[in-house]
Amino acid sequence: MLFMKKTFPFFCFYLIACSQPKPITSDQIIEQSISAYGWNQREFSITFDFRDYKYKLIRKPLFYSYQRSKVKEGTPFLDVMTSKTRLQRYKNNKLINLNDSITSLYANSLNSVMYFFQLPLILRDDAVISELLGTTIILGKTYWTIKILFNQAGGGEDFQDEYRYWIDQENNRITFFAYNYSTDGGGVRFREARNIRNIDGFLFQDYVNYKAKDKFTSLDSLPSFFEKEKLEIISIIENKKIKVEVR
């Protein structure tokens with residue numbers, strides 16, 4: 001009489017192992033956030049005002065263009081940099097020569113505004129190193145905590161800066177983020193999103209910008225300081241007159 005070998009325990013273990021969901025990754029959370037904000041369009045241009053300048057962003061596959069313009073004492077100035085060319089400045093529609101240090105200064109300023117304006121799309125860049133640190137509860141809500149570092153290659157002059165993003169688990173929005181920096185003596189900043197609005201399928205938001213009393217405060221302790229109202233408001237980041245064109 002033949003007997004069949006019992007394989008039920010192994011088969012059950014196999015089913016259980018296969019049914020276990022894979023843990024979510026930082027890249028998946030970032031992609032979910034990009035989609036939630038509408039930044040997953042292939043081609044688009046956006047214009048907006050920030051402080052004294054007018055800005056224009058153009059995005060196409062494998063290409064971007066950053067522009068800002070301002071009229072100073074009746075004279076129009078335009079700065080343009082792209083993924084293929086370094087920053088160039090125009091005065092009265094004529095290209096002017098800039099030394100390397102001034103070019104770098106203007107480029108960093110323009111890139112900084114565009115970086116924060118394009119969140120979370122910019123977290124997809126090749127230079128980004130992302131890591132999921134787990135979850136953080138802030139004011140009773142649960143957020144994914146994403147750590148961001150940068151490769152030196154492609155990470156710009158501030159590649160050593162470190163960021164934290166707290167992304168709402170319910171709607172994939174960046175409600176808070178923080179970063180440290182080394183320029184001008186160094187320090188940390190903590191930002192809280194406000195005035196979230198939908199413009200032609202894109203979500204845009206402004207920020208309340210805070211600093212800590214100790215400029216070397218760790219980024220991961222900033223949410224606790226925020227809850228205890230121990231951070232100082234230093235500015236409001238507002239982007240105005242936003243217009244979107246999707247191609």
Side-chain angles (χ1 to χ4, degrees), residues 30 39 43-130 147-165 177-191 206-207 209 211 215-216 219 234-242:
I30 289 170
W39 286 100
E43 294 189 23
F44 55 87
S45 64
I46 303 174
T47 59
F48 64 97
D49 290 358
F50 177 64
R51 294 178 178 163
D52 297 330
Y53 287 90
K54 296 182 179 296
Y55 290 81
K56 184 173 184 179
L57 165 68
I58 299 174
R59 279 270 182 186
K60 299 179 181 180
L62 304 178
F63 176 82
Y64 67 79
S65 172
Y66 298 165
Q67 303 176 25
R68 69 175 179 183
S69 60
K70 179 181 181 180
V71 177
K72 184 177 180 180
E73 297 178 353
T75 301
F77 289 86
L78 172 66
D79 294 332
V80 181
M81 60 185 290
T82 76
S83 52
K84 301 181 183 299
T85 59
R86 64 185 307 199
L87 182 135
Q88 295 179 314
R89 168 159 284 202
Y90 296 83
K91 178 181 179 181
N92 273 331
N93 298 319
K94 295 182 179 180
L95 181 65
I96 61 177
N97 292 323
L98 301 173
N99 63 44
D100 289 344
S101 62
I102 294 298
T103 298
S104 179
L105 179 67
Y106 291 160
N108 288 341
S109 176
L110 175 54
N111 189 69
S112 177
V113 172
M114 287 300 193
Y115 179 91
F116 293 120
F117 181 78
Q118 292 180 87
L119 288 172
L121 177 64
I122 212 74
L123 301 183
R124 186 193 276 170
D125 282 3
D126 292 338
V128 168
I129 305 169
S130 66
K147 175 182 178 180
I148 297 292
L149 300 174
F150 303 93
N151 288 309
Q152 183 172 359
E157 292 188 8
D158 300 324
F159 73 93
Q160 293 177 315
D161 294 353
E162 183 176 341
Y163 284 72
R164 292 289 185 280
Y165 290 90
F177 74 89
Y179 61 96
N180 57 35
Y181 60 94
S182 57
T183 57
D184 300 324
V188 298
R189 293 291 183 265
F190 181 87
R191 293 192 183 183
D206 300 326
Y207 297 95
N209 192 24
K211 73 173 184 178
K215 65 180 182 180
F216 300 112
L219 298 181
I234 56 173
S235 65
I236 304 296
I237 310 298
E238 293 180 309
N239 299 304
K240 302 178 179 179
K241 298 181 180 179
I242 300 174

For [X], all residues meeting salt bridge (charged side-chain N to carboxylate O under 4.0 Å, His left out), sequence neighbours excluded:
X: Arg89; answer: Asp79
X: Lys54; answer: Asp49
X: Arg51; answer: none

Q.
Is it the case that over 12 heavy atoms from other parts of the model lie below 6.0 angstrom from the NZ atom of Lys60?
A. no
Q. So does Asn93 have more than 12 non-hydrogen atoms from other groups sitting under 6.0 Å from CG?
A. no
Interatomic distance, [X] atom [atom1] to [Y] atom [atom2] [nearest 0.5 angstrom]:
X: Ser45; Y: Arg59; atom1: OG; atom2: CZ; value: 13.0 Å
X: Gln160; Y: Thr183; atom1: CD; atom2: OG1; value: 11.5 Å
X: Asp125; Y: Ile30; atom1: CG; atom2: CD1; value: 10.5 Å
X: Asn239; Y: Asp206; atom1: CG; atom2: CG; value: 6.0 Å

Q | Pairs where residues 100-109 contributes a residue and the test salt bridge (Lys or Arg N to Asp or Glu O under 4.0 Å) is met, not counting sequence neighbours | A | Arg86-Asp100
Q) So which pairs with a foot in residues 63-97 pass ring-ring contact (aromatic ring centres under 6.0 Å, His included), sequence neighbours left out? A) Tyr64-Tyr66
(Q) Centre-to-centre under 6.0 Å for Phe117 and Tyr55, is that the case here? (A) no
Test of understanding: with side-chain hydrogen bond (donor to acceptor under 3.5 Å, both in side chains), list the residues that count as partners of [X], not counting sequence neighbours.
X: Ser112; value: none
X: Ser109; value: Arg68
X: Asn97; value: none
X: Arg189; value: Tyr181

Kindly write out the residues that satisfy ring pair (Phe, Tyr, Trp, His ring centres under 6.0 Å) with [X], not counting sequence neighbours, or none if the list is empty.
X: Tyr163; value: Tyr115, Phe150, Tyr165, Tyr179
X: Phe50; value: none
X: Phe44; value: Trp39, Phe202

Q) Is a donor on one side and an acceptor on the other found under 3.5 Å between the side chain of Lys241 and the backbone of Thr47? A) no
(Q) For Ser104, is there any backbone N or O sitting under 3.5 Å from a side-chain donor or acceptor partner on Asn108? (A) yes
(Q) Using every non-hydrogen atom in the two residues, find where Lys84 and Leu62 come nearest and quote the distance to one decimal. (A) NZ-O, 4.3 Å
